[in-house]
Novice: 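Before I ask anything, let me first share the structure, which is written out below as structure tokens.
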Amino acid sequence: MKLSISVPSEFNLKSTIFSHGWCELLPFSNDRDDVSLTRLIDLSSGKIISAQIKEQRTKSNNALQVVTSSPLNSTEQKEVKSLVRTSLRLDEHFTEFYAEASKHKEFFWVPAFGAGRLLRSQTVFEDVVKMICTTNCSWALTEIMVENLCKKLGKKFSDSNSNALQYCFPDPEAIAGTSEKFLRKEIRAGYRAPYLLELSKRIVKKEIDIEAWRTLQIPTDELFQQVRSVKGVGPYAAGNLLKLLGHYDYLAIDSWCRKKFFEKHKNGRTTSDKVIEKYYRQFGKWQGLFLWMDLTQYWYEKEFAF
DNA sequence: GCGTCCAGGTCTACC
DNA sequence: GGTAGACCTGGACGC
């Protein structure tokens, strides 16, 4: 089944898909040549579908086409459209951000590429779990942990076309029903296991409502403290999660960011984080996004050849 | 093939 | 408030 979704005029699908590493983590998959993003969607009706998102070829080119693996009723169609809009940040306003970028010649490229929309998951829970899985390890290990979570705890889906088994991202109940030992040994989460277990159990017991973070109208500092209250989520993870929640006041500096900043701005010479913070402070409430644009600029120019 | 070392954020205990 | 050490894994490296 094919669905059509309108997008803002400055929206760029490729820039959004490859805005960071999420597109490489299950249950996302992507096709760089065809410029499409595919993921399993676990609908509230209980139906599981595969949805491929790609550009709709029209004269105005301001729409997306979503190809689903099976027909959907009107309620399900509405849910799929809403999830796609949420993941691709289609309802978030970037006019002010692009206006700010247009004041700085080193960022002229940002509005031209329609960059700045950071891909996010179906749920905040999925984003938080994945973010914990990025901490203190290589990207390869992050991929292993997320793959194990999906394949060992996610709901199964069989595509009628390929017959290949695919797996959803597990819900909090699925993780809460396991043990620390299982998460350590089977998921390879290591010391992160108790953090994942505690978060999932708190959600199941309704002690914490992290899905509300996407719509909460509270100051960023307050939201940051709420995010930090999740064990295993430190300053780096919380700062990055805030970006996925639409707040860009925090930089979220990790070792990769430091390395890239030193290469780009200090000829490889190391400095303290205070120097990095001072550099991006000029961008005010957008500083976290300007940092990310600045340090990933080469992706757009070379690696992904946008 | 095996052992050792290192990188990668966060938590906790301690000062 | 700042700091040191532990946590765990995969990968690099030397033997």
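Note on naming: letters A, B, ... go to the chains in the order of the sequence lines (proteins, then strands), and numbering restarts at 1 for each one.
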Novice: Of all the choices, dC7(C), dG8(B), dG10(C), which nucleotide is nearest to the side chain of Leu141(A) once you look at every atom?
Specialist: dG10(C)

Novice: Phe97(A) and Phe290(A): aromatic ring centres closer than 6.0 Å?
Specialist: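 Between Phe97(A) and Phe290(A), the centre distance is under 6.0 Å.
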
Novice: Looking at the base of dG8(B), is there any donor atom on it, or on the side chain of Tyr236(A), that sits under 3.5 Å from an acceptor on the other one?
Specialist: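 Flag unset: no donor-acceptor pair detected.
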
Novice: Quick check: are there more than 12 heavy atoms from other residues, nucleotides or ligands sitting under 6.0 Å from NZ of Lys201(A)?
Specialist: no

Novice: Taking the minimum atom-to-atom distance to the side chain of Asp254(A), which one of dG9(B), dG10(C), dC11(B) wins?
Specialist: dG9(B)

Novice: If each of Lys259(A) and Gly232(A) is mapped to the nucleotide of DNA chain B with the nearest heavy atom, which maps nearer the 5' terminus, i.e. the 5' end?
Specialist: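 Checking each residue's closest nucleotide, the 5'-ward one belongs to Lys259(A).
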
Novice: Which atom names give the shortest non-hydrogen contact between Asn12(A) and Ser15(A), and what distance separates them?
Specialist: OD1-N, 2.9 Å

Novice: Rounded to whole Å, please give me the gap between CG in Asp273(A) and C1' in dT3(C).
Specialist: 15 Å

Novice: Quick one: is dG8(B) close enough that its OP1 or OP2 comes under 4.0 Å of any side-chain N or O from Thr135(A)?
Specialist: no

Novice: Let me know the distance between CD of Glu198(A) and P of dT12(B), rounded to the nearest Å.
Specialist: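 From Glu198(A) CD to dT12(B) P: 9 Å.
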
Novice: dC8(C) C1' sits how many Å from Ile187(A) CD1, rounded?
Specialist: 15 Å

Novice: Can you check the Glu143(A) CD to dT9(C) P distance for me, whole Å?
Specialist: 18 Å

Novice: Has the side chain of Arg214(A) got a donor or acceptor atom that lies under 3.5 Å from a matching backbone atom of Gly246(A)?
Specialist: no

Novice: Is it the case that Gln166(A) and Ser50(A) place a side-chain donor and acceptor less than 3.5 Å from each other?
Specialist: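 Ser50(A) and Gln166(A) do not have a side-chain donor-acceptor pair below 3.5 Å.
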
Novice: Of the nucleotides dT9(C), dG10(C), dC8(C), which has the atom closest to the Ile144(A) side chain?
Specialist: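 The listed nucleotide nearest to Ile144(A)'s side chain is dG10(C).
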
Novice: Under 4.0 Å, counting only non-hydrogen atoms across every strand here, what does Ala189(A) touch: a base, just sugar-phosphate, or nothing?
Specialist: nothing

Novice: If you compare every side-chain N and O of Thr134(A) against the phosphate oxygens of dG9(B) (OP1, OP2), does one of them come in below 4.0 Å?
Specialist: no

Novice: Distance check needed: dT9(C) P versus Tyr195(A) OH, whole Å only.
Specialist: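 Atom-to-atom, Tyr195(A) to dT9(C), this comes out as 13 Å.
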
Novice: With a 6.0 Å cut-off on the ring centroids, do Phe94(A) and Phe11(A) count as close?
Specialist: no

Novice: Which is more 5' along DNA chain C, the nucleotide nearest Arg192(A) or the one nearest Ala140(A)? Just name the residue.
Specialist: Arg192(A)

Novice: For Glu186(A) and dT9(C), what is the distance between atoms CD and C1' respectively, to the nearest whole Å?
Specialist: 15 Å

Novice: OP1, OP2 of dC8(C) versus side-chain N and O of Arg188(A): anything below 4.0 Å?
Specialist: no

Novice: Answer yes when Asp42(A) and Lys47(A) have at least one side-chain N-carboxylate O distance shorter than 4.0 Å, and no when they do not.
Specialist: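 Salt bridge flag = no for Lys47(A) with Asp42(A).
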
Novice: Checking all strands, does Ser255(A) fall into the base, sugar-phosphate, or nothing category for heavy-atom contacts under 4.0 angstrom?
Specialist: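 Sugar-phosphate, backbone atoms only, no base.
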
Novice: Starting from C1' on dT9(C), measure out to CD1 on Ile132(A) and report it in whole angstrom.
Specialist: 17 Å

Novice: Looking at Lys231(A), I'd like to know whether one of its side-chain N or O atoms comes within less than 4.0 Å of OP1 or OP2 on dT12(B).
Specialist: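 Lys231(A) to dT12(B) OP1/OP2: side-chain N or O found under 4.0 Å.
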
Novice: Among the candidates dG10(C), dC11(B), dC7(C), find the nucleotide nearest to the side-chain atoms of Asn136(A).
Specialist: dC7(C)

Novice: Axis-to-axis angle across the helix from dG1(B)-dC15(C) to dC15(B)-dG1(C), five pairs an end, to 10 degrees?
Specialist: 30°

Novice: Decide yes or no for Leu72(A) and Leu43(A): does some side-chain heavy atom of the first lie under 4.5 Å from some side-chain heavy atom of the second?
Specialist: yes

Novice: When the distance from CG of Leu251(A) to P of dG9(B) is rounded to whole Å, what number comes out?
Specialist: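 Nearest whole value for this atom pair: 15 Å.
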
